[in-house]
J.: 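Take this structure, written in structure tokens, and hold onto it; I'll ask about it next.
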Amino acid sequence: MKGALYPGSFDPITSGHVDIARRGAALFDRLVVGVYDTPSKNLLFDTTTRVALAREALAPFSNVEVQPYQGLTVEFAHNLGVAAILRGLRAVSDFEIEMQMAHQHRAIRPDVEVVCLFTSPNFSFLSASLIKEVARLGGDVAGLVPDNVAKALRARFADAPQNDNVPRFLNT
Ligand code: ADP
């Protein structure tokens with residue numbers, strides 16, 4: 001049985017992430033979506049919420065599970081006993097960092113392969129940061145995120161959408 005780990009911040013999970021998870025679940029017998037506990041970026045949702053949102057969004061896929069993790073991604077993959085780390089590539093800009101990380105992973109655990117899937121064209125412009133910015137400003141994110149995430153974003157920004165202390169960056 002071949003498994004893969006699909007790691008990320010998932011702050012929050014978007015339709016682009018779901019697309020990669022769905023396609024990964026068709027390639028591997030078991031897909032673990034790993035929600036990284038402490039990425040070096042400002043988070044909108046805490047780990048418990050990010051995991052809960054991802055679990056709900058990925059519930060239709062019976063061979064997909066969602067787990068939080070800390071520490072090195074490649075060690076988590078090794079401990080899970082999966083064959084590969086799965087990542088999504090949106091554009092050339094993603095490529096360099098993904099290649100660096102893949103080489104770093106290989107240096108630590110050569111038995112864990114890195115598999116990259118190209119993002120479906122309709123999601124190639126999508127980033128969690130952009131979604132947060134649009135939602136913060138009261139824009140409609142329907143279709144760009146799963147329904148449960150759209151609801152969570154509306155609730156999060158319901159009180160003071162313009163004044164919320166959310167980082168304004170677009171490069172997630
Ligand atoms: P990270 O903090 O590791 O970049 P993200 O949650 O932003 O975590 O992304 C996790 C993975 O999903 C990465 O491989 C990223 O390239 C991929 N990804 C992000 N956005 C999309 C998208 N719109 N379509 C497909 N893959 C995506």
Side-chain angles (χ1 to χ4, degrees), residues 3-28 31-58 61 64-77 80 82 84-106 108 112-135 139 141-150 152-153 156 166-172:
L5 167 67
Y6 178 33
S9 314
F10 302 106
D11 182 45
I13 189 165
T14 68
S15 299
H17 294 135
V18 173
D19 181 61
I20 297 288
R22 177 185 61 77
R23 290 159 55 201
L27 290 174
F28 293 94
L31 184 72
V32 178
V33 172
V35 177
Y36 184 46
D37 188 53
T38 46
S40 56
K41 48 174 114 166
N42 292 318
L43 292 170
L44 179 62
F45 294 108
D46 63 21
T47 305
T48 309
T49 307
R50 287 181 287 136
V51 168
L53 291 172
R55 273 199 186 128
E56 207 180 333
L58 298 170
F61 310 109
V64 176
E65 64 198 85
V66 180
Q67 290 187 32
Y69 74 99
Q70 296 175 322
L72 284 175
T73 299
V74 75
E75 289 298 352
F76 183 49
L80 287 168
V82 294
I85 290 173
L86 177 68
R87 297 284 287 175
L89 282 185
R90 281 166 294 189
V92 179
S93 50
D94 280 343
F95 177 82
E96 195 155 348
I97 182 75
E98 293 300 334
M99 190 182 68
Q100 267 179 21
M101 282 197 295
H103 286 308
Q104 187 61 55
H105 292 331
R106 182 181 291 276
I108 300 170
V112 179
E113 285 290 351
V114 174
V115 173
C116 293
L117 290 180
F118 289 105
T119 300
S120 301
N122 41 336
F123 299 128
S124 61
F125 65 95
L126 201 57
S127 74
S129 299
L130 193 53
I131 291 291
K132 284 181 277 193
E133 184 73 359
V134 171
V141 292
L144 304 179
V145 292
D147 289 347
N148 65 317
V149 173
L153 284 167
R156 178 69 177 74
V166 168
R168 287 140 177 80
F169 53 83
L170 299 174
N171 61 343
T172 297

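Ligands are counted one by one from 1 in listed order, and the atoms in each one are counted from 1 as well. Just so you know, these numbers use all the heavy atoms, side chains as well, and skip hydrogens, waters and symmetry mates.
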J.: May I ask whether Asp19 places a heavy atom under 4.0 Å from ligand 1?
T.: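 In this structure, Asp19 fails to qualify as a contact of ligand 1 - no heavy atom is under 4.0 Å.
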
J.: For residues Gly88 and Thr119, report the shortest heavy-atom separation together with the two atoms involved.
T.: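 For Gly88 versus Thr119, the nearest heavy atoms are C-OG1, 4.5 Å.
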
J.: Which is it for Pro7 and ligand 1 at heavy atoms under 4.0 Å: side chain, backbone, both or neither?
T.: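 Backbone only.
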
J.: First locate atom CZ of Arg90, then atom OG of Ser124, and finally report the distance between them rounded to the nearest 0.5 Å.
T.: 9.5 Å

J.: Which is closest to atom 20 (N) of ligand 1 by heavy-atom distance: Arg87, Arg23, Arg90?
T.: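 Residue with the shortest heavy-atom distance to the ligand atom: Arg90.
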
J.: I want to know if ligand 1 touches Leu89 in the polar sense, i.e. an N/O pair below 3.5 angstrom.
T.: no

J.: Does any N/O atom on Gly88 come nearer than 3.5 Å to any N/O atom on ligand 1?
T.: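 Looking only at distances, the answer is yes, because the N/O contact criterion of under 3.5 Å is met.
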
J.: Which of these passes side-chain contact (heavy atoms from CB on, under 4.5 Å) with Asp11: Thr47, Leu44, Asp46?
T.: Leu44

J.: Determine whether the side chain, the backbone, both or neither of Leu126 has a heavy atom under 4.0 Å from any heavy atom of ligand 1.
T.: both

J.: Suppose I only count heavy atoms of Phe10 and a 4.0 Å limit; which atoms of ligand 1 are within that range?
T.: 6 (O)

J.: Side chains of Glu98 and Gln100: donor-acceptor distance under 3.5 Å anywhere?
T.: no

J.: Contact between Tyr6 and ligand 1, counting heavy atoms under 4.0 Å?
T.: yes

J.: Does Glu113 pair with Arg106 as a salt bridge, N-O distance under 4.0 Å?
T.: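 Yes, this pair counts.
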
J.: Check each atom of ligand 1 against the heavy atoms of Thr119 and keep those under 4.0 Å away; list them by number with element.
T.: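 Counting atoms of ligand 1 from 1, those under 4.0 Å from Thr119 are 24 (N), 25 (C), 26 (N).
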
J.: Considering non-hydrogen atoms only, spot the tightest contact between Ala84 and Val115 and give its length.
T.: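 So the two residues come closest at CB-CG2, 3.9 Å.
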
J.: Judged on heavy-atom distance to atom 18 (N) of ligand 1, which of Arg50, His17, Glu98, Lys41 sits nearest?
T.: His17

J.: To check you understand the geometry: which heavy-atom pair defines the closest contact between Tyr6 and His17, and what is its length?
T.: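 Tyr6 and His17 have their closest heavy atoms at OH-CD2, 3.4 Å.
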
J.: Please check if atom CZ in Phe125 has more than 12 non-hydrogen atoms from other residues, nucleotides or ligands closer than 6.0 Å.
T.: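 Atom CZ in Phe125 is packed in, count exceeds 12.
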
J.: Pairs of nitrogen or oxygen atoms closer than 3.5 Å, one from Ser127 and one from ligand 1: do any exist?
T.: no

